[in-house]
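Step one of this worksheet: look at the structure below.
What you are looking at is a predicted structure, and each value in this text was computed from that prediction instead of being measured. Letters A, B, ... mirror the listed sequences (proteins, then strands); counts begin at 1.
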There are 2 protein chains.
Amino acid sequence: MENKHAVRSLAALAQESRLAIFRLLVTAGPAGLAVGKIGEQLGVAPATLSFHLKELSHAGLVDARQDGRFVFYSANYAAMNALLGFLTENCCAGESCALPASTTSCC
Amino acid sequence: MENKHAVRSLAALAQESRLAIFRLLVTAGPAGLAVGKIGEQLGVAPATLSFHLKELSHAGLVDARQDGRFVFYSANYAAMNALLGFLTENCCAGESCALPASTTSCC
DNA sequence: TCCATATTTCTATATTTATCGAAATATAGA
DNA sequence: TCTATATTTCGATAAATATAGAAATATGGA
């Protein structure tokens, strides 16, 4: 992962509504949730929610899947793990770390 | 960790210079680096660097330690790990994850 | 086709953020 | 104390971002 991409991902998460959306999707699992369901659970207006989902989507942190009239968004676990790995990369110059960065993964 | 604190931490990292500073400090280890050294390595003007270090510091991601005329900044590994853990918390509702969130730690 | 529902795009406004020159502050050593 | 070096604060400007009402688009079913 390069610096600019990581900045984009972090910026996508650095906003209350978007962080809540992302964490909701992380919890929801691979099946994801429809936009309406997300808005309902978090109390975000449709236009605002769409704006935020686009930010997360462009950053590659979530995936969208159309199903009839609904659009299901789900967390992109690979992207999340890549980001976490980037942050801890070469930690302490590789010495004396309890755990290597490669263990920072999930799902 | 609560949502607002996580947003502040993520916002602190969501900027090219600050992300570079943080990653440099993560690599540098607990001893940290003096402000001048950081500016030298990253090519950031003193006033701008001070501004960014304050942001990282207020977010709790780095610690400052005065040593003579120098101020040494170092990564706060505990804060970093808390943030990573927050992002992966309750991943997939706790089911079918390859690794639990608690393994996302370093140093 | 027509209607209802789901989601996105458009448009405008208010707020926040990044940058850096210049000045101020702090510390060490002569 | 005086001077040089390290870092921070001040002040002003330019750019990016969040919000939401209204309108537009897309899909499924009557």
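- A straight line from CZ of A:R8 to P of D:dA16 spans 13 Å, rounded to a whole angstrom.
- In this structure, A:R69 does not reach the D:dT25 phosphate: none of its side-chain N or O atoms is under 4.0 Å from OP1 or OP2.
- Across all strands shown, D:dT3 forms a Watson-Crick or G-U wobble pair, both distances under 3.5 Å, with C:dA28.
- The side chain of A:F70 lies closest to C:dA6, out of C:dA6, C:dA22, D:dA20.
- The structure places OH of B:Y77 at 10.5 Å from CG of B:D63, a figure rounded to the nearest 0.5 Å.
- With hydrogens and angles disregarded, a donor-acceptor distance shorter than 3.5 Å links the side chain of A:T27 to the backbone of A:R23.
- If you take CG of A:L53 and P of C:dT9, they are 11 Å apart, rounded to a whole angstrom.
- Contact annotation: B:H52 side-chain N/O to C:dT17 OP1/OP2 distance is not under 4.0 Å.
- OP1 or OP2 of C:dC20 has at least one side-chain nitrogen or oxygen of B:T48 nearer than 4.0 Å.
- Base-pair partner of C:dT1: D:dA30 (Watson-Crick or G-U wobble, both distances under 3.5 Å).
- For B:Q66 and D:dT7, the shortest distance from a side-chain N or O to OP1 or OP2 is not below 4.0 Å.
- In this structure, A:R65 forms no cation-pi arrangement with A:Y73, as its terminal cationic atom is not both closer than 6.0 Å to the ring centre and no more than 45° off the ring axis.
- Between A:K54 and C:dT9, a side-chain N or O to OP1/OP2 separation shorter than 4.0 Å is present.
- Contact annotation: the side chain of B:N76 never approaches that of B:L61 to less than 4.5 Å [non-hydrogen atoms, C-beta and beyond].
- Atom NE2 of A:H58 is separated from atom P of D:dA16 by 17 Å (rounded to the nearest Å).
- The phosphate of D:dA6 has neither OP1 nor OP2 within less than 4.0 Å of any side-chain N or O from B:K37.
- Regarding contacts with the backbone of D:dA6, every side-chain N or O of B:Y73 stays at 4.0 angstrom or more from both OP1 and OP2.
- Here B:A34 lies in heavy-atom contact (under 4.0 Å) with sugar-phosphate atoms only.
- Rounded to a whole Å, the CZ atom of B:F72 is 15 Å from the P atom of C:dT27.
- Closest contact between the side chain of A:S17 and the listed nucleotides D:dT19, C:dC20, C:dT19 involves D:dT19.
- Considering only side-chain atoms of B:F51, the nucleotide from C:dT8, C:dA18, C:dC20 that sits closest is C:dA18.
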